[in-house]
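What follows is a single structure, written as structure tokens, with notes after it.
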Amino acid sequence: MGSSKNNSSNMKSAKGDRVVYSEFGNNATSPATERAVPNLPPNQQNLKVQASRKGRKGKTVTIISGFQSNQEILTALLKQLKNQCGAGGTLKDNEIEIQGEHKQKLLEILTKLGYKAKISGG
């Protein structure tokens, strides 16, 4: 009886430890599954600058979205924008968030850097 049982957890495929389906387990992302981000020059990127208070307990945050650059470029730009605004900020999901309402100031800075940016929302 025990020998006719098929124990698939101990079986390995011919190609090694290839995972076909995994609900839980190893969350390591391989380079093949990561999304490729095109590294466009600033003059080809259309950015939106908007102020938002949603989900922040009434605190205003200026969000810059629409980037098509890698993390290193965005991190350097974030540091520069935080210094020029005199405020804190973060990088979330290829969007830069600067604390406070700095729409006009950020729009001027981004256009001087060569980005196509416009203010979105009211």
Side-chain angles (χ1 to χ4, degrees):
M1 278 181 110
S3 62
S4 65
K5 219 180 197 184
N6 186 6
N7 193 353
S8 62
S9 64
N10 292 334
M11 296 178 68
K12 289 187 180 179
S13 66
K15 294 185 179 186
D17 293 329
R18 189 175 70 133
V19 177
V20 177
Y21 173 78
S22 176
E23 186 172 347
F24 305 105
N26 191 3
N27 289 336
T29 57
S30 68
T33 59
E34 289 181 8
R35 193 176 344 163
V37 178
N39 227 359
L40 294 179
N43 60 359
Q44 293 181 2
Q45 297 187 35
N46 295 319
L47 305 181
K48 288 193 287 185
V49 181
Q50 61 185 357
S52 174
R53 283 193 229 159
K54 285 191 173 184
R56 294 176 179 88
K57 299 181 183 177
K59 307 284 185 188
T60 304
V61 174
T62 306
I63 301 172
I64 308 168
S65 59
F67 287 104
Q68 295 181 356
S69 299
N70 59 12
Q71 295 287 36
E72 293 82 24
I73 293 173
L74 292 180
T75 306
L77 180 62
L78 172 66
K79 184 174 182 179
Q80 181 180 1
L81 294 176
K82 288 190 324 185
N83 284 336
Q84 292 188 358
C85 288
T90 188
L91 180 65
K92 290 184 182 174
D93 299 329
N94 278 354
E95 292 183 345
I96 291 181
E97 295 182 0
I98 304 291
Q99 294 174 355
E101 188 164 343
H102 301 283
K103 291 189 295 188
Q104 289 293 354
K105 187 180 236 183
L106 289 172
L107 181 66
E108 292 171 10
I109 295 168
L110 289 170
T111 52
K112 285 180 186 175
L113 293 173
Y115 289 96
K116 289 190 230 171
K118 62 182 176 181
I119 293 178
S120 174

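- Heavy atoms from other residues, nucleotides or ligands lying under 6.0 Å from CG of Asn43 number more than 12.
- Membership of the apolar cluster around Leu107 extends to Ile119, as traced through chained side-chain contacts below 4.5 Å between ILVMFWY residues.
- Contacts of Arg53 classified as salt bridge (Lys or Arg N to Asp or Glu O under 4.0 Å), with partners at least two apart in sequence or in another chain: none.
- Evaluation of the side chain to side chain contact (heavy atoms under 4.5 Å, CB included) rule for Glu108 yields no partner, not counting sequence neighbours.
- The hydrophobic cluster containing Ile109 also contains Leu47, counting ILVMFWY residues as joined when their side-chain heavy atoms lie under 4.5 angstrom apart, directly or transitively.
- Looking at every heavy atom in both residues, Ala51 comes nearest to Lys103 through N-CD, 3.8 Å.
- In this view, Gln99 satisfies the side-chain hydrogen bond (donor to acceptor under 3.5 Å, both in side chains) rule with no residue, not counting sequence neighbours.
- The two residues Ala87 and Ile98 come nearest to each other via the heavy atoms CB-CG2, 4.1 Å.
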List, one per line, each side-chain donor-acceptor pair under 3.5 Å for residues 73-84, sequence neighbours excluded.
unit_1: Thr75; atom_1: OG1; unit_2: Gln71; atom_2: O; d: 2.6
unit_1: Asn83; atom_1: ND2; unit_2: Lys79; atom_2: O; d: 3.3

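- Sequence neighbours left out, the pairs with a member in residues 54-77 that pass salt bridge (Lys or Arg N to Asp or Glu O under 4.0 Å) are Arg56-Glu97.
- A single hydrophobic cluster is seen to contain both Tyr115 and Leu106, as judged by linkage of ILVMFWY side chains at heavy-atom distances under 4.5 Å, directly or through other members.
- Remark: side-chain polar atoms of Thr60 are not paired, donor with acceptor, to backbone N or O of Glu101 under 3.5 angstrom.
- Summarising the geometry of Val49 relative to Ala117, their closest heavy-atom pair is CG2-CB, 4.4 Å, with the distance given to 0.1 Å.
- Separation of atoms CD1 (Ile64) and NZ (Lys48) is listed at 13.0 Å; rounding is to 0.5 Å.
- Phe67 approaches Asn94 most closely through the heavy-atom pair CD1-O, 3.7 Å.
- Within the 3.5 Å criterion, the main-chain N or O of Leu40 finds a donor-acceptor partner in the side chain of Gln45.
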